[in-house]
Asker: 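Below is a structure I'd like to ask you about.
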Amino acid sequence: MKDPGVVFYSLLVRIAQGWLARPDIPVWTRNGVRAGIVHPFVSDIDLTIDCRLATPDASLKLIKRYRALRKILPVLGEVNWIHPGSQAFLREYGNPLELRRDPELLFRIGHRAAAVTDAERLSFLLRMLIADFENLGRRPSSRRKKWQRHLQECGLTPTSECFGLESLLEAMSPLLQRVSGPGEFLKNLEQPRLRTAYESWPTASILVFVREWLNKSAEIGNFDWAVRSVDQMSLVEREVLRAQLLWELAYVCLGEARMEEPAQVAKHSEAVLVLLKGACSAESDWSEILEAFGKTGLLDPSQLRRLEKLKVWKTLASCSAPWVGFCVRPDGKAALCELALDLDVRIQPGNSVDSVFSDAPFEGVRALMQSGRLPANCRVCVRQEQVGQRSLRMSLNERTAVHRGEVGVTEPRLRRLHLSFDNECSLACLTCSCRRSRKWGELLRQNSERSGWADQSFFDQIRSNLPWLEEIDLSGGDPLRSPSHEAFLDACLASGNAGRITLAYRGCALSDPRAFFDRWSRFRRVIVVALLDGHYEKEPYVRHPSSWSELSENLHRYDAVPQNVAVDIGHTLHALSVYYLPELCGWIAQQRFSQISTGRTGRKILTEQLSDSNFLSLPNCSPMLRGRVRQKLLSADCANYFSHSELEQLVSQIEHGTSNGVIVPKMCKWLDTARGTCFERALPEMAEFYGK
């Protein structure tokens with residue numbers, strides 16, 4: 001016997017079709033009603049109406065008839081109006097999961113829904129979640145069948161029989177962990193944040209409430225604030241946004257308002273396309289979408305031409321680095337940033353800071369980014385964002401003047417410098433080289449001379465830029481041991497501009513900081529990342545020949561820095577250190593630092609990973625280590641410093657490594673010969689995992 005609810009809804013459908021359908025305008029149901037999943041007076045009757053053979057006047061009359069019928073039958077829901085021009089767009093860009101809910105449409109437009117990506121799955125679930133938000137809060141049991149079907153279509157398994165918001169988010173967690181980037185996405189999907197965000201969407205993630213952002217942008221006629229939000233997203237998040245925006249374009253293609261309020265529809269469409277350009281993975285994607293959208297007739301030719309020339313530079317290739325500053329290596333070579341490859345330009349007498357910043361290599365990179373293309377130099381950030389890590393690009397965009405809208409893309413201004421004055425350092429770390437450490441040069445009997453480039457002419461040049469400089473990152477070598485370091489601080493203080501400059505240091509845990517406390521207190525802010533790559537006997541092996549007692553003593557000295565100085569502990573995750581992360585977390589917790597930022601509620605350990613080309617990168621972990629790492633990293637010690645999703649992501653990276661790990665012990669043996677260390681004695685567990 002049929003469900004009474006299904007019978008009742010079948011009767012309502014017959015009434016609607018009898019009132020609306022004509023020989024040249026077929027009408028059919030889609031979504032839940034078509035699948036027989038209904039809950040009386042909660043489920044809507046969603047229809048598709050094919051107007052491709054009807055005249056515009058006949059279509060307008062039908063819209064009026066539908067609105068009149070809806071007053072009598074309030075259970076009528078959304079209508080997809082198939083117009084000439086929308087067919088090609090849906091075939092090319094329609095969300096496959098949404099199209100599969102309308103098999104009649106797929107048959108009529110001669111299309112077979114394509115394979116589904118994770119971004120499209122998440123886009124589909126988010127749309128369903130927001131559309132069903134109130135019903136899930138009031139009547140979760142009535143949505144059980146519907147959400148069972150949604151989750152199964154996305155390859156997910158319900159975690160319980162209750163289909164409330166929390167259980168749905170829990171069921172979605174495997175997909176979220178695969179596609180979520182390091183932005184605010186996951187945060188806005190957690191309870192109770194999602195409910196708060198739903199009630200006050202302007203503060204919520206654009207990924208969750210795309211339509212509200214678009215409507216607001218179209219209403220005020222300003223897309224900049226939304227574009228800036230896109231600029232902070234990782235590559236993974238942009239893929240999700242792109243799927244959402246293509247869905248939104250499909251929505252406006254199918255909307256009834258396009259015939260009655262063309263100006264409003266055009267405005268909304270323009271907002272979608274502006275943001276879509278920021279989410280496209282390549283210039284070709286944008287051109288193809290623009291061409292397909294032009295065939296729908298929603299924008300006139302002049303609007304399409306304006307969009308085609310639109311200089312929205314905040315695309316996949318967007319990075320503020322080449323507009324606000326550059327990096328100088330220990331040998332004086334310049335680069336876009338500390339992670340990018342060197343450019344063919346060097347700081348030297350006769351080649352000033354200003355001339356380097358305006359030289360051809362930098363101008364070429366800026367022109368490339370403005371055209372929407374990505375320089376080859378930027379591959380590190382691309383790789384990080386593709387696996388959901390937070391990249392330097394994202395961090396710089398949040399901090400710099402370009403992101404705040406103070407500097408246009410045609411007006412580069414030196415606001416940030418990353419300086420390595422020389423290779424002065426007393427350590428020969430596993431992850432370093434002669435280029436950055438004089439100690440390595442001594443051990444290998446090559447390049448043992450100090451490679452400093454900063455002379456008096458540099459300090460004279462930089463003084464003229466200090467009124468605009470906001471952030472100066474200092475590394476090395478060991479910046480606190482560099483002879484140029486004190487001279488640079490004194491030049492900043494003498495200029496009278498130190499009060500507006502933020503200094504950032506990295507890798508200073510082995511130098512006594514007390515001699516600099518007085519100078520640091522006169523800068524706007526000082527940020528120190530003190531590197532700690534192990535504990536007890538492990539640290540001196542990784543960072544040879546460091547002294548563990550001296551290092552721990554210096555960390556406690558940093559715990560008494562002036563009020564304007566923030567100190568974080570930095571840790572490099574690699575194939576020899578990741579296994580010991582819980583022990584390091586436990587040691588830090590035992591120290592009970594008062595100033596150093598280390599723990600929950602704002603405390604943290606800053607981690608970075610080596611590039612894939614490094615022999616110690618995480619993919620090179622041995623298979624035996626990959627089998628042991630999950631339980632250890634998900635321990636309580638790590639949970640004090642890292643979120644569960646961060647740890648799961650780290651474990652996943654290690655577990656999916658493909659290397660056999662043989663390169664690690666071979667390279668360690670070679671390093672032991674050069675440094676006079678012993679891999680097996682310092683790291684016995686690693687020697688077991690990698691084979692003696």
Asker: Please enumerate all residues that pass ring pair (Phe, Tyr, Trp, His ring centres under 6.0 Å) together with Tyr558, with sequence neighbours excluded.
Answerer: none

Asker: Can you name the salt bridge (charged side-chain N to carboxylate O under 4.0 Å, His left out) partners of Arg121, sequence neighbours left out?
Answerer: Asp118

Asker: Could you tell me if Lys669 sits above the aromatic ring of Phe679, with its cationic atom closer than 6.0 Å to the ring centre and no more than 45 degrees from the axis?
Answerer: no

Asker: Could you tell me whether a side-chain N or O of Glu539 sits under 3.5 Å from a main-chain N or O of Asp533, the two making a donor and an acceptor?
Answerer: yes

Asker: If I take atom CG from residue Leu551 and atom NE2 from residue His556, how far apart are they, to the nearest 0.5 angstrom?
Answerer: 10.5 Å

Asker: Anything under 3.5 Å between a donor and an acceptor, one on a side chain of residues 513-520, the other on a protein residue two or more places apart or in another chain? List them.
Answerer:
unit_1: Arg514; atom_1: NE; unit_2: Asp512; atom_2: OD1; d: 3.1
unit_1: Arg514; atom_1: NE; unit_2: Asp512; atom_2: OD2; d: 3.2
unit_1: Arg514; atom_1: NH2; unit_2: Asp512; atom_2: OD2; d: 2.6
unit_1: Arg519; atom_1: NE; unit_2: Asp490; atom_2: OD1; d: 3.1
unit_1: Arg519; atom_1: NH2; unit_2: Glu486; atom_2: OE1; d: 3.2
unit_1: Trp520; atom_1: NE1; unit_2: Tyr505; atom_2: OH; d: 3.0

Asker: Looking only at non-hydrogen atoms, find the nearest pair between Leu469 and Ile501 and report the distance.
Answerer: O-CG1, 3.5 Å

Asker: Tell me whether Arg557 contacts the main-chain N or O of Ser552 through its side chain, where contact means a donor paired with an acceptor under 3.5 Å.
Answerer: no

Asker: Minimum heavy-atom separation for Val542 to Arg675, with atom names?
Answerer: O-NH1, 3.7 Å

Asker: Going by atom types only, do Asp672 and Thr677 share a side-chain donor-acceptor pair under 3.5 Å?
Answerer: yes

Asker: Can you confirm whether Arg525 is buried at CZ, in the sense that more than 12 heavy atoms of other residues, nucleotides or ligands lie under 6.0 Å from that atom?
Answerer: no

Asker: So how far is it from Asn620 CG to Met667 CE, rounded to the nearest 0.5 Å?
Answerer: 10.5 Å

Asker: Taking all heavy atoms of Glu424 and all of Arg438, pick out the closest pair and write down the distance.
Answerer: OE1-NH1, 2.8 Å

